[in-house]
Structures are given as structure tokens and as C-alpha cells.
Amino acid sequence: MAFTLATWNINSVRLRAPLVLRLLEEEAPDVLCLQECKSPVEKMPLEGFAALGYRHVVARGQRGYNGVAILSKTPIEEVAAHDYASLGHARHIAGRLENGVVVHNFYVPAGGDKPDREVNEKFGQKLDYLAAMRDAFHAERPERSILVGDLNVAPREDDVWSHKQLLRVVSHTPVEVNHFTDAQEAGGWVDVTRQDIPSGRLYSWWSYRSPDWQAADKGRRLDHVWASADIASAAHGSRVLRDVRGWEQPSDHVPVFASFDL
DNA sequence: ATGGTTGATCGTCAA
């Protein structure tokens, strides 16, 4: 069974429900993972998604911040919803599809402005969160699993518009990249997007604060699709839907897609 | 070094 999966930081699922519906109609992924829903689950506009065939949902929400959801055309069974680093935030949900594949959907803390945990508590929380992910994957190495989400780290030099200018900017600092890589390696996760698109600049986020995002193109690749090593060879066809950044009243993130022959 | 924009919520925090 082949299926296509997408991940998208929607930055308010209620405000941008029309954009979610447009993506589902135009691209029809089998599974869509959303982050930053900024809504309790009971206030997410799930009826509209169900009307398009996405009748199966696992989600965690909270008022105003965070919030993750997995929409699926086929049944999905919730298998976990971890509060890594005990932040009390709705940042993770995991479900198992009928083919046995477990989908982890993450929204890693952004980490605030200053990349120093001594003066910025949020940066410390981000590092702690990534360390907790590492520990969890070390304790139980994932198999037949896919991990997606807004991981809020752009690990490679060609994942940012200027490696040199971002070395001290949160999302691309060496300490974050090290924590990110440790979590990835602890799980034996393969970066599916870079397996399919091995070289060249690739971004999934452009700041609202940067005018003329398209021409300036000061983007970062913060949104990721990983697969456990046992199924990584089944992945193909990764795409980053850059044009979605130009939709009306857009999210600052765009969807990232991958397909799997399993 | 600073400010730039957006969203939730309703003065301010988070991103």
C-alpha cells in the first residue's frame, strides 16, 4: 500500500481552516500532520476536514498555543501523546495506521530569541525537549515509524539562507544542531527530505517580518520528515510546497510532503 | 544592536 503524508505548521488551525481545506482538495495526502493549531481539540474545525474524507483524527490541543493534530483518510489509533521535558505543552501526538506504521507528529519549542539558557529560559526548554526526544528514542528504538513536524531546527548549511549569518541565531546554532542530530541518531532516523533532495538550498519557513519574502528568500528548513531506517528505502517523492507561502493570509510555514511504498 | 509581522486574546506574550 502506497501512501502520501504531509506536515504543515498551520499557525492557527481555526483562522486557516480554509487553507487546510484547499491543500486537502488540491493535493489529497492520505495523512496530514498539523502543528501550532493554537486551539483546544474541541474547537478545531474537524467537521470540514471530515467532509473531505479525513474522518480519522488524533490530536492534542490547548488554548492559544501549541497544539498538534493528525488527519487521516484511513483509521488511525492513538498510541502516545508525550509531554517531553514536562513543559505542560501540547507538542506531540502519535498514531498507528492500519498498515502498522506509527506516525509521530512534533512541534519542538522555538526557543526564544537569545541562544543562551542562562538568560533565556525558553532556549533551555528547547534543548531539554530535544534531549528528552533523544532519550526516548534511545530507550525504545523506533521501527516502522515516521516522524514529522516543525522541529524548529535547520541543521544543514543549505537549510538556511546564510549559514554564517545564522550561526548565532536560534534555529541554527551549533548547540541546537548537535541536540537535533543526537535525537535523530538515537532513533536511527533517516532524513527523508534530504534523501530525496540531497543537495541545494531548501526552505520550509519564511518570517512574517521579512518583507518581500519571495525575492529576499531568507528562509530556513524547520519542518522535517524522518523515517526509521527499516522503512526509509520505501520513501520517495519528497516535495516542499513553496507556493503555499504565497496563498492569501498564509502561514509562515509551508507543507512538506513525502510518499511511502509500504 | 534593533526592528521588522502575525496570532491569540484583550495587555502582552509567543513566534
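Quick note: numbers below take in every heavy atom, side chains included, and nothing from hydrogens, waters or symmetry partners. Numbers restart at 1 for each chain; the letters A, B, ... are given by sequence-line order, proteins then strands. Note that the structure is a prediction, hence the values are computed from the model and not measured.
- Looking at residues 158-175 of chain A, you'll see that no heavy atom sits under 4.0 Å from any atom of DNA chain B.
- Looking at A/Arg209, its side chain comes within 3.5 Å of the base of B/dA15 through a donor and an acceptor atom.
- Using a 4.5 Å heavy-atom threshold, the side chains of A/Pro255 and A/Leu23 count as touching.
- In terms of heavy-atom proximity, A/Val192 sits nearest to A/Ala258 at CG1-CB, 3.9 Å.
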N/O donor to acceptor pairs below 3.5 angstrom from side-chain atoms of residues 134-141 of chain A, sequence neighbours left out:
from: A/Arg141; atom 1: NH1; to: A/Ala186; atom 2: O; distance (Å): 3.4

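- Judged by closest nucleotide on DNA chain B, A/Ser207 is the one of A/Cys37 and A/Ser207 placed further toward the 5' end.
- Summarising the geometry, the separation between CD on A/Gln35 and P on B/dA15 is reported as 14 Å, rounded to the nearest angstrom.
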Just distance, no hydrogens or angles: give the donor-acceptor pairs under 3.5 Å from side chains in residues 40-55 of chain A, sequence neighbours left out.
from: A/Tyr54; atom 1: OH; to: A/Pro29; atom 2: O; distance (Å): 2.6

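- Nucleic acid contact class of A/Arg91 (heavy atoms, under 4.0 Å, all strands): sugar-phosphate only.
- Here the C1' atom of nucleotide B/dA1 and the CG atom of A/Asp113 are 13 Å apart, to the nearest Å.
- Between A/Tyr84 and A/His82, the two ring planes are tilted [angle within 30° to 60°].
- At whole-Å resolution of the value, CD1 in A/Ile10 and P in B/dG7 are 11 Å apart.
- The side chain of A/Tyr208 lies closest to B/dT6, out of B/dA8, B/dA15, B/dT6.
- Taken from CG in A/Asp158 to CZ in A/Arg194, the straight-line distance is 4.0 Å, to the nearest 0.5 Å.
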